[in-house]
Participant: 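Have a look at this one before I ask anything.
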Amino acid sequence: MDFDSTLAEAWIRAIAAAVDEERTRLTELDSAIGDGDHGSNLQRGFTAALAALDGLEPAGPGAVLTKTGTTLISKVGGASGPLYGKAFRAIGAALPEPAGPTAVAEALAAGLDAVRALGKAEPGDKTIVDAWTPAVAAFRTAAATGATLPEAAAAAAEAADRGARDTVPLQARKGRASYLGERSIGHQDPGATSTALIFRTLATTTR
Ligand code: ADP
Ligand code: MG
């Protein structure tokens with residue numbers, strides 16, 4: 001199985017559905033250490049992304065993801081809009097057609113690079129980076145050892161989930177949560193949690 005435009009579109013639709021479902025949880029997490037808008041930010045963004053895809057001429061998987069990124073940047077005011085927007089644009093730009101597991105791993109790594117270039121967060125800063133970094137590492141390792149796309153995506157989803165859970169004891173050093181200092185400790189980061197969701201839907205979509 002290759003990553004083609006049908007899969008790219010199915011992935012974005014699955015993210016939108018998952019964000020709808022998990023909106024309350026994301027908002028609760030962001031209420032604890034932020035301003036309580038992460039769920040609604042992502043819902044607004046991915047709902048707009050779906051509408052944008054409906055109007056898109058048939059195009060390759062890269063174009064689907066690039067369009068998604070551009071839409072997120074223009075529709076989401078919070079920190080996560082530009083970060084995820086740049087990430088999806090970078091994934092789209094890096095994705096050849098058709099893309100096998102190794103190419104998808106490298107495209108997801110380009111997405112992480114884009115998040116880091118914009119947000120300047122290091123692993124351990126309690127951000128999106130803490131879920132995305134282990135997910136890329138797991139995806140790469142799986143792809144390098146001959147895993148199929150669903151297998152690599154499942155490994156990445158597990159790693160992202162663990163990465164998100166591992167943000168609980170961390171003190172935030174980037175974004176709104178960093179204003180809380182030590183009071184950010186003991187809560188799971190909303191952005192790392194939504195990144196885990198994004199990788200989880202990639203796994204379920206490729207399966
Ligand atoms: P805002 O903080 O503007 O309200 P959101 O609530 O939508 O935006 O997103 C908050 C999430 O954004 C945080 O939980 C964190 O994971 C992520 N984030 C914030 N700043 C950065 C950064 N510099 N790099 C990576 N991720 C970040
Ligand atoms: Mg917020």
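Both counts, for ligands and for their atoms, begin at 1 and track the order of listing. Not measured: the values here are computed from a predicted model. Starting from 1, each residue takes its place in the sequence as its number.
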Participant: Which atom name would you report as the N, O or S atom of Asp30 nearest the Mg ion (ligand 2)?
Facilitator: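 Of the nitrogen, oxygen and sulfur atoms in Asp30, the Mg ion (ligand 2) lies nearest to OD2.
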
Participant: Would you mind checking which non-hydrogen protein atom is closest to atom 2 (O) of ligand 1, with the distance to 0.1 Å?
Facilitator: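 Answer for atom 2 (O) of ligand 1: Arg176 NE, 3.5 Å.
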
Participant: Hey, which atoms in ligand 1 end up nearer than 4.0 Å to a heavy atom of Asp189?
Facilitator: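 Contacts of ligand 1 toward Asp189, numbered from 1: 13 (C), 14 (O), 15 (C), 16 (O).
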
Participant: Of all N, O or S atoms in Asp37, which has the smallest distance to the Mg ion (ligand 2)?
Facilitator: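 Minimum-distance N/O/S atom of Asp37 relative to the Mg ion (ligand 2) is OD1.
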
Participant: Quick one: does Asp4's side chain have a donor or acceptor within less than 3.5 Å of a partner on Leu7's backbone?
Facilitator: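 Yes; at least one donor-acceptor contact below 3.5 Å.
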
Participant: Numbering the atoms of ligand 1 from 1, which are under 4.0 Å from a heavy atom of Asp37?
Facilitator: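 Answer, ordered by atom number: 4 (O), 5 (P), 6 (O).
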
Participant: Using a 4.0 Å cut-off to any heavy atom of Gly78, which atoms of ligand 1 qualify?
Facilitator: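 The atoms of ligand 1 under 4.0 Å from a heavy atom of Gly78 are 3 (O), 8 (O).
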
Participant: For Lys120 and ligand 1, does the shortest N/O to N/O distance drop below 3.5 Å?
Facilitator: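 In this structure, Lys120 places no N or O atom under 3.5 Å from an N or O of ligand 1.
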
Participant: Which protein heavy atom lies closest to atom 9 (O) of ligand 1, and at what distance to 0.1 Å?
Facilitator: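 Of the protein heavy atoms, His38 ND1, 3.2 Å lies nearest.
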
Participant: Apply side-chain contact (heavy atoms from CB on, under 4.5 Å) to the pair Val76 and Leu42, showing each step before the final yes or no.
Facilitator: CA-CA 7 Å; Val76 182; Leu42 293 188; 5.5 Å; no

Participant: For the Mg ion (ligand 2), find the closest N/O/S atom belonging to Asp35 and write down its atom name.
Facilitator: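 Checking each N, O and S atom of Asp35, the shortest distance to the Mg ion (ligand 2) belongs to OD1.
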
Participant: Going by distance only, is there an N or O of Ala79 that falls short of 3.5 Å from an N or O of ligand 1?
Facilitator: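 By distance alone, the answer is yes.
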
Participant: Within a distance under 4.0 Å of any heavy atom of Asp30, pick out the atoms of ligand 1 and give their elements.
Facilitator: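 Those of ligand 1 that fall under 4.0 Å from Asp30 are 6 (O).
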
Participant: Considering the heavy atoms of Gly119, write down every atom of ligand 1 situated less than 4.0 Å from one of them.
Facilitator: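 By the 4.0 Å cutoff, the relevant atoms are 22 (C), 23 (N), 24 (N).
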
Participant: How far is atom 7 (O) of ligand 1 from the closest protein heavy atom, and which atom is that?
Facilitator: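 That would be Ser80 OG, 2.6 Å.
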
Participant: Go through it in stages, so that I can follow the logic: the residues are Val104 and Leu149, the test is side-chain contact (heavy atoms from CB on, under 4.5 Å), and I'd like the CA-CA distance, side-chain angles, deciding distance and then a yes or no.
Facilitator: CA-CA 8 Å; Val104 174; Leu149 196 50; 3.9 Å; yes

Participant: Could you check Val129 against Arg116 for side-chain contact (heavy atoms from CB on, under 4.5 Å), going step by step and ending with a plain yes or no?
Facilitator: CA-CA 7 Å; Val129 170; Arg116 294 197 56 178; 3.8 Å; yes

Participant: Please say whether Ile128 places an N or O atom under 3.5 Å from an N or O atom belonging to ligand 1.
Facilitator: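 The answer is yes, given that Ile128 and ligand 1 share an N or O pair closer than 3.5 Å.
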
Participant: When you measure from the side chain of Lys126 to the backbone of Val168, do you find a donor-acceptor pair of N or O atoms at a distance under 3.5 Å?
Facilitator: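 Checked: pair present.
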
Participant: Has ligand 1 got any nitrogen or oxygen that is less than 3.5 angstrom from a nitrogen or oxygen of Lys126?
Facilitator: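 There is no such contact.
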
Participant: Please find the pair of heavy atoms, one from Ile91 and one from Trp132, that lie closest to each other, and give the distance.
Facilitator: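 The answer is CD1-CZ2, 3.9 Å.
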
Participant: Any luck finding a side-chain donor-acceptor pair between Tyr84 and Thr68 under 3.5 Å?
Facilitator: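 No, no side-chain donor-acceptor pair sits under 3.5 Å.
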
Participant: Please verify the inter-ring angle class for Phe88 with Trp11; under 30° counts as parallel, over 60° as perpendicular, anything in between as tilted.
Facilitator: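 The arrangement is tilted - the two ring planes meet at 30° to 60°.
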
Participant: Using side-chain contact (heavy atoms from CB on, under 4.5 Å), reason through Lys86 and Val115 one step at a time and then give a plain yes or no.
Facilitator: CA-CA 7 Å; Lys86 293 267 189 186; Val115 170; over 6 Å; no

Participant: Going by the order shown, which atoms of ligand 1 are within less than 4.0 Å of some heavy atom of Gly191?
Facilitator: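 Counting from 1, the qualifying ligand atoms are 13 (C), 14 (O), 16 (O).
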
Participant: Which part of Leu83 is near ligand 1, with near meaning a heavy atom under 4.0 Å away: side chain, backbone, both or neither?
Facilitator: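 For Leu83, only side-chain atoms sit under 4.0 Å from ligand 1.
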
Participant: Checking Thr167 side chain against Asp189 main chain: does a donor-acceptor pair fall under 3.5 Å?
Facilitator: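 Yes, because the side chain of Thr167 sits within donor-acceptor range (under 3.5 Å) of the backbone of Asp189.
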
Participant: Which one holds for Thr127 and ligand 1: side chain close, backbone close, both close, or neither close, with close meaning a heavy atom under 4.0 Å?
Facilitator: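 It is both backbone and side chain that touch ligand 1.
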
Participant: Is there side-chain contact between Pro190 and Ile33, with heavy atoms separated by less than 4.5 Å?
Facilitator: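 Yes, close enough: below the 4.5 Å cut-off.
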
Participant: At a 4.0 Å threshold, what atoms of ligand 1 neighbour a non-hydrogen atom of Ala121?
Facilitator: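 What qualifies from ligand 1 is 24 (N).
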
Participant: For the residue pair Ala160 and Ala135, what are the closest heavy atoms and their distance?
Facilitator: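 In terms of heavy atoms, the two residues are closest at CB-CB, 3.9 Å.
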
Participant: Under a 4.0 angstrom heavy-atom cut-off, which atoms of ligand 1 come close to Gly175?
Facilitator: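 Per the distance check, 19 (C), 20 (N).
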
